Amino acid sequence: MDSTLAPRPRPRPAHTQGTTRCAYTPDGGRLVTVGSNNTIRIYTTGSDGEPTNIDDCQEQNIAVATSKSDFVVGSEDGTVSLFSLASASFERFLLRTSLPVRDVALAESGKWCAVTSDELTVKIVNTQDISQVLHLREHGRPARHVSFDPKASVVTLSGTDGIIYVYSLTADEPELIRKVDGVIGALDSDSIASSKVAWHPDGRAFAVPTPTRDIQIISKNDWEKQRCFENGHLGDVTALAWSPNGAMLASAGKDGKILIWETKTQNVLQRYDYSNVIDLCWHPKKNILSFTTTDGEVYIYPDFLSEQFAPLLKMSLQPAPFIHDPLGEISGNRQPPISNGQKVQDLPTRQRRMSLGSLDSFLGGGNADDDDFVVDDDNAGYAPGLLKRGREDDQIYGGGANKRRHLPETTYHESFQPGSTPWQGNRKYLCLNLIGFVWTIDQDSHYTVTVEFYDHEFQRDFHFTDTFHYDKACLNERGSLFSCPPRDDQPATLYYRPHESWTQRIDWRIELPRGEAITAMSLSDSFITVTTDANYVRVYTLFGMPYRVYRPKSTPMVTCASYRDYVMTVGNGPVGPDGATRLLYTIENVKRDEICQNEDTLALPPGHTLKSVFFSDNGDPCIYDSTGTLLTLLHWRQPSRACWVPLLDTKLLPRLASGRKHETYFPIAVADHKFHCIILKGGDKYPYFPRPLLSEFDFSIPLSSGPKEKEPKPKKKKKKQPRADGEDLGSELNEDEASDEDMDDDNDDDDEQPEEGSETKKLEQTFLLKGVQAAQVRDLIDATAGNHTQRSLLSRLELEIDKTLLQLLAVECREGEERGMRALEMVELMRDRTGRMMEAAGKVAERYGRTILGEKIREVGEKRVSGEDDDF
């Protein structure tokens, strides 16, 4: 294949070292290049002479786009300039930004120019009237790249947060119509790797590089993943470009390769060795590929396609590679699209022959002319040839194959490492907990791992060069644990590093069987637990002694957590009616070889996922799900008695009551009876760098809707006001101060009722939370025989529960005699067996003059002291 290639072109030193971009004019007559120096070069196609130079320009030009008569250049100083192709001269500034420009794009007509910068807002300016500017503001982070679709009806932004934002330009104001997440990576603004959208020439799909070094096709109408160009590059993709007819795709990567892909098969046709390529473009009409490098060099490669593949350029417009056609799914009347490179012809149909002894032969073949009975007279598309006969046969003989397609596809819960985040650019948190945090930086050839602690009195921060490429970590007070995935011929490896040691060797490594990857791991004071994609659970001692290996019944495995000798594993279980698996969990004491809970169902609402699993500081299992709810497990040491209890619903937090805040929470830990987390704003799903501060929230079992924001102002709106938002109220308030005082008095009276209700809710919340804590302590005492400290804690909790019931009793007595039944019920809930609390309850009733209630309380007290109240 290489023998048929044209000679390698010579590099043309067009610019100084740095970002260098290139673009052909629509007619292919000229190639425009920009770079770090203050010179723009225009090369004439077919000429080996010196290019035309434009020196009247800015420095550090990092983006260029061309139209029929002009071209636009963006520079790091925040200026966007318009140049004339005819005169090769500067015409005017289109736009100025306060931060560096990152990308520019021109609509096919050349009328509109889109500009992205380090500012949050993306601007689209009219090249003929710069006073007309459209603003794109609905994305959460600055955008790196911008692209128009061929019809300029849609513009796509590749954000630094790893999300593709799709805006519609069909209305007067741009409208965000879609966020495509999970395709591109979160990259820094000045990263060499690309996440730019490259629209296919037919406008029905676009290609975009992914963090896995593949190229993904996304369809326009449903914004779903289609075909993928896989296993081509060994480094991040830096540039993409479709051939003019869409039959091929060119890509460049950090691995020093330029690849030419065939669109129809997604196979690599040709490979070229060129390093540091950062931009490339096809000639609109000829077999020429031009590209630029970070060294400031420009390559113009004529006849770069061999004779074998050059005819692909002469083909007509080819369709984008689809798995399923989104238009075909939207409309049942639409005819199937033309497949890649193939023309669909109408096949002549013939009548079916009558077999000997068939019913038609006995009836004289009366049905022979009925094949065309259904006439597609309205072009609805419901009689495409032989399709109808196939559907009738399905109905006659059961149609099992067609019906099977309507069954929901099984969806497995993905595995995850608690407390970690995915890659964001070249950084990633491996572990976040209350001990400290571990993060790593991808340096291409190696990683740099940093471990930092919150308490520097006991531990010192450290970092090291990681040649194993660790992607998971655990951290506790005794040591840190790391793991790396299998690569090439190297198996997955575990690496444990204790914080203190009295021997010379302070760490150890264990290799897993080849081909087996670690999906999750946990570290306790006694054991190391690992789950793998081979559906094994592997348990080691802290210093590498294999302790247990088994295969759980719930597979594939999802995650794990551990506390002292207890290990909790979570895996996929049976499939529900929605096609999603139900998660099952198992808790066992590894040292005593006792199973506490065996393959019990994890309490998740339908359609939601598990976000984190961990043990509290007291050793109780906790989970946090995608609904923002924190739950803990009661009675988990006793088989078949476990019960998931919600401790906090973050959607009901008072800070969100106004509805103006939109934030989520990344779970860290449960400690000191509080939920420790990181607050995520702006639609973020994971914490980013620099490391945000930890926040803590008190437990609040969801009993009712969150408190509504007080609005005392609406009552004052009865007076005439110039604006409803409260402006210019001062003059009106002075008109009738007496009226205002009366109104304030009314407000005070109205607030008394909610105040009493809120007091009752707080006491009910305290009663429930103390009950949960008491149940956890009682379970611990029953399982371990308990010590004096634990028994004293239980007695103190039960006393606090009774005191809370006394306070609730006082509220009920204050409300009136009609609340006596509820008040007596509270007395019966008291746990004191000595009679002291009953005596105190009787005094509360007497204080408020509830004589009948007092008599009832004394009767309950007498029964309890005498032992008649055995049901308690």
Side-chain angles (χ1 to χ4, degrees), residues 413-420 431 433-434 472 474-476 481 483 518-532 535-542 547-573 581-604 609-625 629-647 667-671 675 772 775-776 779-780 783-784:
H413 197 295
E414 295 184 357
S415 60
F416 66 92
Q417 176 67 26
S420 67
C431 179
N433 58 26
L434 293 183
K472 294 178 179 63
C474 296
L475 183 67
N476 65 7
L481 175 69
S483 73
I518 297 173
T519 58
M521 63 181 187
S522 61
L523 173 66
S524 70
D525 296 339
S526 307
F527 294 98
I528 292 170
T529 306
V530 174
T531 63
T532 69
N535 295 325
Y536 285 119
V537 176
R538 301 179 179 272
V539 182
Y540 302 88
T541 63
L542 289 184
Y547 194 81
R548 182 172 300 173
V549 179
Y550 64 94
R551 175 172 288 173
K553 290 176 282 187
S554 55
T555 57
M557 299 301 297
V558 175
T559 189
C560 63
S562 56
Y563 175 82
R564 294 183 181 174
D565 299 337
Y566 292 97
V567 172
M568 177 178 177
T569 57
V570 181
N572 288 276
T581 57
R582 300 293 181 259
L583 296 186
L584 304 179
Y585 71 94
T586 297
I587 302 177
E588 63 177 322
N589 188 307
V590 177
K591 183 172 290 186
R592 296 204 299 259
D593 195 16
E594 295 177 356
I595 294 181
C596 302
Q597 303 297 321
N598 185 24
E599 303 293 331
D600 196 6
T601 303
L602 201 68
L604 286 179
T609 57
L610 181 66
K611 290 298 182 182
S612 187
V613 175
F614 48 86
F615 283 83
S616 69
D617 58 339
N618 295 324
D620 293 299
C622 299
I623 62 173
Y624 186 82
D625 60 27
T629 305
L630 173 71
L631 300 99
T632 189
L633 192 62
L634 288 185
H635 314 307
W636 57 272
R637 293 178 178 86
Q638 304 175 30
S640 302
R641 280 205 59 199
C643 174
W644 289 101
V645 177
L647 293 178
I668 298 296
V670 168
F675 175 52
V772 172
Q776 292 174 336
D779 290 344
L780 178 61
T784 61

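Note that the structure is predicted; figures quoted are calculated from it, not measured.
Side-chain contact between D565 and R592 is absent, with no heavy atoms from C-beta onward closer than 4.5 Å. Taking the side chain as every heavy atom from C-beta outward, L780 and R637 approach each other to under 4.5 Å. Side-chain contact check for I587 versus P621: some heavy-atom pair is nearer than 4.5 Å.
Judged by distance alone, with hydrogens and angles left aside, the side-chain atoms of Q597 form a donor-acceptor pair with the main-chain N or O of W636 at under 3.5 Å. When atom types are taken as modelled, the side chain of T529 and the backbone of S522 share no donor-acceptor pair closer than 3.5 angstrom. Side-chain N or O atoms of S612 include none that pairs as donor or acceptor with a backbone N or O of P418 at under 3.5 Å. Between the Q417 side chain and the M521 main chain, a donor and an acceptor come within less than 3.5 Å of each other. Remark: the backbone N or O of E599 is paired with a side-chain donor or acceptor of T586 at under 3.5 angstrom. Judged purely by atom type and a 3.5 angstrom limit, N572 uses its side chain to pair as donor or acceptor with the backbone of H413. With S562 contributing its side chain and V567 its backbone, the two residues share no donor-acceptor pair below 3.5 Å.
Contact between C622 and T632 at its shortest, heavy atoms only, is SG-OG1, 3.8 Å. Between M568 and V613, the closest heavy-atom pair is SD-CG1, 3.9 Å. Residues L630 and F675 share a closest heavy-atom pair of CD2-CD1, 3.7 Å. Contact record, L604 with L583: CD1-CD1, 3.6 Å, taken as the closest heavy-atom pair. Heavy-atom minimum distance, T559 versus F416: OG1-O, 3.1 Å. Between V558 and A520, the shortest heavy-atom contact is O-CB, 4.2 Å.
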- Apply side-chain contact (heavy atoms from CB on, under 4.5 Å) to the pair L584 and K553, showing each step before the final yes or no. CA-CA 9 Å; L584 304 179; K553 290 176 282 187; over 6 Å; no

- Message: Checking L542 against L523 for the side-chain contact (heavy atoms from CB on, under 4.5 Å) test, could you report, in this order, the C-alpha distance in whole Å, the side-chain angles of both residues, the deciding distance, and whether it holds?
- Response: CA-CA 8 Å; L542 289 184; L523 173 66; 3.7 Å; yes

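Heavy atoms from other residues, nucleotides or ligands lying under 6.0 Å from CZ of R548 number more than 12. Atom CD of E414 has 12 or fewer neighbouring heavy atoms from other residues, nucleotides or ligands inside a 6.0 Å radius.
With 3.5 Å as the limit, one finds a donor-acceptor pair spanning the side chains of T531 and T519.
Within the 6.0 Å centre-distance limit, the rings of Y585 and W644 are counted as a close aromatic pair. Aromatic ring centroids of F615 and Y566 lie 6.0 Å or more apart.
Put simply, the residue from L631, L633, D620, L634 that forms a side-chain contact (heavy atoms from CB on, under 4.5 Å) with V645 is L634.
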